[in-house]
Amino acid sequence: MERTLIKDLKDKIDQQVTLKGWLQALRDQKSMQFLIIRDKTGLAQVAHWKKGNPLLAELISTLGTESALTVTGKVVANEVVKLGGIEIQLEELVVENNAEVPLPFDPFSDTLPDQDYRLDWRYLDLRRERNRLIFEVQTTLEQGMRDYWLANDFTEVHSPKIMGTPSESGAELFKVEYFDRTAYLAQSPQFYKQMAQAAGFERIFEIGPVFRADPSFTSRHMTEFTGIDFEMSWIDSHEDVMVFAENWLAHAYKVVNEKHHDAIQEHFGVDLQVPQTPFPRLTMAEAYQILKGMDYKLPPEKKGDLDPGAERALGDYVKQEYGSDFVYVTDWPFTVRPFYHMLHPDNPTLTRSFDLLGKGLEITTGAQREHHYEVLKQQALDKGLTLEPIQTYLNYFRYGCPPHGGLGMGLSRLLMVMLDLPTIREAVYVFRGPNRLEP
RNA sequence: GGGGGCGUGGUGUAGUGGUCAAACAUGCGGCCCUGUCAAGGCCGAGACCGCGGGUUCAAAUCCCGUCGCUCCCGCCA
């Protein structure tokens, strides 16, 4: 029999239906049994009169909560039932998969175990509607991003994640055995994005895994995460990238808002708003002035850079001054940026680069890239790199590479910002950290 | 990698030198009551207080080490 979703039961009064879902609660009484069934669309009460089928009653008594069930019965309107005034009179029950008793923890309890313990039993934690919503939002968010890219002539690429040479610094790379030699997991698709520019793709994006061997124990770091990257040719400066990015992000927010606004409000207490464009922009020099005015003291060794506290302070500042959750911080010193960021023609100590902060959290780094072979080589040397290992990359700039720029964004960090999540471990399907390889 | 905090039944907590062979909530088992619906009532099982060492007449409680978790910093998305 065709499955009926719980949300559609109200249209099936006096009909026989089949529900498929989990046993949320069992109230096993003397003459009656009540099974609360949950599917993705809601909860429904199933009633069973024990004397009508004593054998079935016995089976029901053995069920553990969270068992996976198929239930068939007649839908009746009954105003006594507090759950929507509807119940199913049980006729048939198939136990698809009984749940052992006791559960490692009850996902629907008022008090939840520590998050680390819940990560051990991630699939149970994900049964909570709130957690499923995060990934429904993520799906819609990515769809909104893709819509916008596709409408603007972007091509999707999938770059390799196994690399033969440590590309940038090499400090945070995972080594893997590769037959009889060593390979590395990609810590960024950066070089391959730029290869597509040299290839004449003009505009490309990639959503894919990124690996960082950072032993970071914070609420916003992972050793494997999903990177959202795009790169575009024929730009005049990093400003072109920022303009595209803010409109792209606003579109993605709009799509999410249209589909999930009320659910997000209900589960996260966030009244989601589509961000106003353009986002405020602060040069690093301006950011320093603002921090000074706020009496925020940066550690002296952070010269030219921002620490997380400074980022939070700037986030507060733009919220107050501009009512914006987002702010671009631009024109970072070359000393704190990678060698391939383009320098400002009128001030070669600064780069044509930007970070995007969302509610004071760094979610994006972007820049115009240096596309002149000789200049790029010199910048690499200035950073103390040897050219030989990156020669394949440098070659992209020898035979007609257009000016270009782009950015990289952390998908889970964006979700943290969007849904006000306290830790990235909630924003990712399965968390990977220095001490977490399971599940 | 550096610094702080925490580690008590399945889970969440209380207890910070003796009155703790450890309490409460929830969950679990049994019984009672009941068309239940945040169900209620009674009874019961379940923790050598992360692990190892030390101080003390006495340690869940203090000290040292160790492991785990967590937060902040560094690093970044």
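Below, chains carry the letters A, B, ... as their sequence lines are ordered, and counting in each starts from 1. Just so it is clear, the values below take in all heavy atoms, side chains as well, and ignore hydrogens, waters and symmetry mates.
If you check distances only, the side chain of A:R413 does reach the base of B:C76 with a donor-acceptor pair under 3.5 Å.
Between A:S219 and B:C72 there is a side-chain N or O to OP1 or OP2 distance below 4.0 Å. For B:U34, the OP1/OP2 oxygens have no side-chain nitrogen or oxygen of A:R27 closer than 4.0 Å. Taking only side-chain nitrogens and oxygens, A:K82 never comes nearer than 4.0 Å to OP1 or OP2 of B:U36. Contact between the side-chain N/O atoms of A:N78 and the OP1/OP2 oxygens of B:G35 is not found at any separation under 4.0 Å. Residue A:R118 has no polar side-chain atom (N or O) positioned under 4.0 Å from OP1 or OP2 of B:C69.
The nucleotide whose nearest atom lies closest to any side-chain atom of A:R220 is, among B:C75, B:U70, B:C37, B:C75.
A salt bridge is absent between A:K40 and A:E129: the closest approach of a Lys/Arg side-chain nitrogen to an acidic carboxylate oxygen does not fall below 4.0 angstrom. A salt bridge links A:K50 and A:D28; the closest N-O separation between the charged side-chain nitrogens and carboxylate oxygens is under 4.0 Å.
Residue-level contact check: A:P215 touches the bases, meaning some heavy atom is under 4.0 Å from a base atom. A:F225 comes within 4.0 angstrom of a base, heavy atoms only. Across all strands, A:S216 comes closer than 4.0 Å to base atoms (heavy-atom distances).
Separation of atoms CZ (A:R128) and CZ (A:R132) is listed at 12.0 Å; rounding is to 0.5 Å.
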